[in-house]
Amino acid sequence: MSEEKEPLNFLEQIIEEDIKKGMDPQRLRFRFPPEPNGYLHIGHTKAIGISFGLGEKYNAPVNLRFDDTNPAKEEQEYVDAIKKDIAWLGYTWENELYSSNYFQQLYDWAVLMIKNGKAYIDSQTSEEMREQKGTPTQVGSNSPYRNRTVDENLDLFTRMKVGEFDEGTHVLRAKIDMEDPNMLMRDPLMYRILKKSHHRTGNDWCIYPMYDWTHGESDYIEQISHSLCSLEFKPHRKLYNWFRDEVYTYAKEDYPAIPNQTEFARLNLSYTIMSKRKLLQLVEEGVVNGWDDPRMPTISGLRRRGYTPEAIRKFIKTVGVAKRENVIDVSLLEFCVREDLNKKANRVMAVMNPVKLVITNYPKGKEEFFEAGNNPEDKNSGNHQVPFSSELFIEREDFKEEASGKFFRLTLGSEVRLKNGYIIKGESVVKDGDGTTSEIRCTYDLDSLSGSGTEASTRKVKGTLHWVSIKHAIKAEVRVYDRLFNDEAPDSHKDKTFMDFVNPNSLKVTEAFLEPSLASAKPGDSFQFQRLGYFNVDNDSTPEYLVFNKTVGLRDSWAKKKPIQNNQKQRNPQQEKQRPPIEAIKQLGKKYTNLPAEKQARVRATIQELAKDVKYEDLEPLFGTAAKKAGTRIATMITLGVLLANGLENTQEVLDFINTASEDKNELLVEEAKALLQ
RNA sequence: UGGCCCAUGGUGUAACUGGCAACACGUCUGUUUUUGGUAUAGAAGAGUCUAGGUUCGAGCCCUAGUGGGCCAACCA
């Protein structure tokens, strides 16, 4: 048994180390803590995959905990949607929990903190408190209420709880350190007064706990071992630990285990946005038709679009986990669906942009039925029947009167196979008034029927077309989607918002003609429309009129060749230019000696160009470059040459540098140095 | 003016406790094919941001620089 050792990601490494250090693997426990204020999106899928994936790997329980501490934003609708999405992805949670379950416990602990002098009531306005808080680069100052007595604090807190005060008049704050470089430690809020009804606790509470206080202690109560979250929570860790360590002193008998937070980089997808707030805006402003619009990166949108849980899980597995910011190319997601659907989806024929094809030597009125394989990837998938007649639709793009040899489709005088049917030959065209082709006339080869076993049936022809018999075809709506945004990173621009990049053509609705076997398709069913892509039946479908969504197209190496490609690299030159020129020069220099002569000349010119903006002070430190780093010294020398030419005076340091270099064993360096000596 | 995090082919992730950079997607070829799909064979593409240091040896360790990200909601 050769156990392929899959490399562990950094989270797994941490867990393995904890186990090695003596932690009981039975104590492993994870959680996924969404706030029910929006729908889950593909980004959450990563967090879900990580925590639930770890649960599966280590056979440990994973709680689904709704972080519902803000009654103003949270709703039952979102709770239901989130549960549905996670279940659909194929994960099972150990317990369905709510932070609001712990409101009483949290309150009791807060009282203990007050009694221990670790928390106090502040009665200033939020503006006043914000000013005292300082800035990231400036320390804060203490609140005038910071030294209230325990009794006074207790009294006020109790009255806050029973609703004696208005919103915004008092808050409970932890007493930590207003000068801590980490702003979260500057006496963070623990409770605020909110006279709102909560989706679970109704009107029981007038005060609600804040995230930091609630989240960490919920982990603690649930005895979570590893609390995983995204990078932006890194600064919260210090506070997480502070609260945790304080509460531990009150509760270690009941809750002996201490959770630890670890952060990972969240998922970003090119051409999409990943903020619940912004997605909500798209919904509310009607840019899309709801959270489950197939253009949305939400799980419900992807599901409706025809993505499968398997594809999404594969995707998440493939992108991996680390701590650096990343942007994943949508093409990877698309690859994952295609890979999955290729194995599962039955092949059928549909014509989206039809043109009439008449087979002139096929008996008018005759019909036959061809056998069509359901899925060549799956031998057990069986066949279905497709009706044929003398009048068909084919795709308009599949015909050209004449074309180069690289065009593998129908032209006048050339032969082509009708998928699962006969070989036909283009004979003539009929055009309407404005010159567009209204009908193509062709002849067929009777002996060439697919699968008939005749010699003619195995003839090789240039290409194969999909088609549909006009008489038998059923009509259906097909919704074709393009990316929702035209920009790779729609929400990363200074002077524009993501709304400025909304693609006005992200949805195209057309009517297509389908082979009749599709009449019995049910919402959710996925098919491959031969040569076109993967499509699934939308919930808007009725038995009388089907509606399809295009999930994703087939890989198309023909389409790629047609347009003159100019979406080449376009690396962000902006970023390159922002680097100080001396940095760019150093980097170029490092590789200089390995370059072929031709490239060297180009790099040399680049260095000279960059050198124009280099100051002597920036260059001088490089004179001390180690002898073995010839490349860097050459680059330094080239740069120096430019500075000298522009009037730099020859100092002793400059002369020493040049002289030493002129005696080096690297010829290129010597050459550059000697050039400067003359 | 502060603190914390990050830096490996175009993208993402690897490289076990230092030992001549691998995998996937993407790109490009060839073969097969009744889907210009799939499959299959192969290629190009980074010498690991820069400099200094430790070491026989560094992508991995140390220091500094550079670049990027995060941190001032009674949001989570």
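Throughout, protein chains are lettered first and strands after them, A, B, ... in sequence-line order, and every chain is numbered starting at 1. What you see below is based on every heavy atom in this structure, not just the backbone, and it leaves out hydrogens, waters and symmetry mates.
At the heavy-atom level, A:A626 lies under 4.0 Å from the strands shown only through sugar-phosphate atoms. Residue A:T69 is classed as a sugar-phosphate contact, given heavy-atom separations below 4.0 Å to backbone atoms only. Within 4.0 Å of A:F66, counting heavy atoms only, lies no atom of the nucleic acid at all. Note on A:R417: a base of the nucleic acid sits closer than 4.0 angstrom, heavy atoms only. Residue A:K460 is in sugar-phosphate contact alone, with no base atom involved, counting any heavy-atom pair closer than 4.0 Å across all strands shown. Across all strands, A:G451 comes closer than 4.0 Å to base atoms (heavy-atom distances). Among the protein residues, A:K406 comes within range of the nucleic acid bases, having at least one heavy atom under 4.0 Å from a base atom.
Taking atom P on both nucleotides, B:C62 is separated from B:C4 by 15 Å, rounded to a whole Å. Rounded to a whole angstrom, the distance from the P atom of B:G53 to that of B:C20 is 24 Å. Comparing the P positions of B:C25 and B:G37 gives an interatomic distance of 15 Å, to the nearest angstrom. Comparing B:U50 with B:A58, their P atoms sit 14 Å apart, to the nearest whole Å. Comparing the P positions of B:U63 and B:G3 gives an interatomic distance of 15 Å, to the nearest angstrom. If you take atom P in B:G10 and the same atom in B:A44, they sit 16 Å apart, rounded to whole Å. Rounded to a whole angstrom, the distance from the C1' atom of B:A24 to that of B:U31 is 23 Å. Taking the C1' atom of each, B:G19 and B:U29 are spaced 35 Å apart, rounded to whole Å.
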Full working for ring-ring contact (aromatic ring centres under 6.0 Å, His included) between A:H198 and A:F103: CA-CA 12 Å; A:H198 184 277; A:F103 281 174; 5.7 Å; yes
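Once rounded to the nearest 0.5 Å, the distance linking CG of A:D212 with CG of A:L189 reads 10.0 Å. Here the CG-OG distance, from A:D67 to A:S218, works out to 6.0 Å after rounding to the nearest 0.5 Å. Of the inter-residue distances, the one linking A:I424 atom CD1 with A:S414 atom OG reads 8.5 Å to the nearest 0.5 angstrom.
Distance CH2 (A:W242) to P (B:C4): 21 Å, rounded to an integer number of Å. Distance, A:Y208 OH to B:C75 C1': 15 Å, rounded to whole Å. Counting to the nearest Å, the P atom of B:C75 and the CD atom of A:E35 are 10 Å from each other. If you take CZ of A:F535 and P of B:U35, they are 18 Å apart, rounded to a whole angstrom. Counting to the nearest Å, the P atom of B:U17 and the NZ atom of A:K20 are 8 Å from each other. Atom CZ in A:F623 sits about 21 Å away from atom P in B:U50, given to the nearest Å. If you measure from atom NZ of A:K550 to atom C1' of B:G37, you get 13 Å, rounded to the nearest angstrom. Distance, A:E325 CD to B:C5 P: 14 Å, rounded to whole Å.
Within the structure, every side-chain polar atom (N or O) of A:T632 is placed at least 4.0 Å from both OP1 and OP2 of B:U50. Residue A:R192 places at least one side-chain N or O under 4.0 Å from the OP1 or OP2 atom of B:A76. Within the structure, every side-chain polar atom (N or O) of A:K586 is placed at least 4.0 Å from both OP1 and OP2 of B:G65. OP1 or OP2 of B:C70 has not a single side-chain nitrogen or oxygen of A:K234 nearer than 4.0 Å. For A:K238, no side-chain nitrogen or oxygen approaches OP1 or OP2 of B:C71 to under 4.0 Å.
When the nucleotides B:G37, B:A76, B:G12 are ranked by their closest atom to the side chain of A:I328, B:G12 comes out on top. Of the candidates B:U13, B:C74, B:G36, the closest approach to any side-chain atom of A:S126 belongs to B:C74. Here B:A76 is the nucleotide among B:U13, B:G52, B:A76 with the atom lying nearest to any side-chain atom of A:H236. For A:R531, whose side chain is taken as the heavy atoms from C-beta onward, the closest listed nucleotide among B:U48, B:C71, B:U35 is B:U35. Nearest nucleotide to the side chain of A:R347, out of B:C74, B:A51, B:G37: B:G37. Relative to the side chain of A:E583, the nucleotides B:U35, B:U50, B:G36 differ in distance, and B:U50 lies closest.
Not less than 6.0 angstrom separates the ring centroid of A:F527 from the ring centroid of A:Y534.
Residues satisfying the side-chain contact (heavy atoms from CB on, under 4.5 Å) test with A:E334, not counting sequence neighbours, are A:Y307, A:R338, A:V552. Considering only residues two or more places apart in sequence or on other chains, A:F408 meets the ring-ring contact (aromatic ring centres under 6.0 Å, His included) condition with none of them. Residues that satisfy the ring-ring contact (aromatic ring centres under 6.0 Å, His included) test with A:F157, not counting sequence neighbours, are A:Y107, A:Y191.
Between A:R531 and A:E395 there is no salt bridge, since no side-chain N of the basic residue sits under 4.0 Å from a carboxylate O of the acidic one. A salt bridge links A:R266 with A:E232; the closest basic N to acidic carboxylate O contact falls under 4.0 Å.
Of all the heavy atoms in A:P34 and A:I82, the pair that sits closest is CG-CG2, 3.9 Å.
With a cut-off of 3.5 Å on both pairing distances, the Watson-Crick and G-U wobble pairs of RNA chain B assemble into stems of 3 or more at B:2-7 with B:66-71, B:10-13 with B:22-25, B:27-31 with B:39-43, B:49-53 with B:61-65.
Annotation: cation-pi geometry satisfied between A:K161 and A:W205 (NZ/CZ under 6.0 angstrom from ring centroid, within 45° of ring axis). The cationic group of A:R173 does not satisfy the cation-pi geometry with A:Y120, failing either the under 6.0 Å distance to the six-membered ring centre or the 45° limit from the ring axis.
On a pure distance criterion of 3.5 Å, a polar donor-acceptor pair joins the side chain of A:E377 and the base of B:G37.
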Nucleic acid footprint by protein, nucleotides 18-32 of chain B - heavy-atom cut-off 4.0 Å, B for base, S for sugar-phosphate alone: ------SS-SS----
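Taking the nucleotide of RNA chain B with the nearest heavy atom to each of A:S448 and A:I193, the more 5' of the two is matched to A:S448. Residue whose closest nucleotide on RNA chain B sits further toward the 5' end, between A:P34 and A:S452: A:S452.
Classification of B:G47 as syn follows from a glycosidic angle within 90° of 0.
Looking only at atom types and distance, the side chain of A:T454 has no donor-acceptor partner in the side chain of A:D447 under 3.5 Å away.
Listed in residue order, the members of residues 132-140 of chain A having a heavy atom less than 4.0 Å from RNA chain B are A:T135, A:P136, A:T137.
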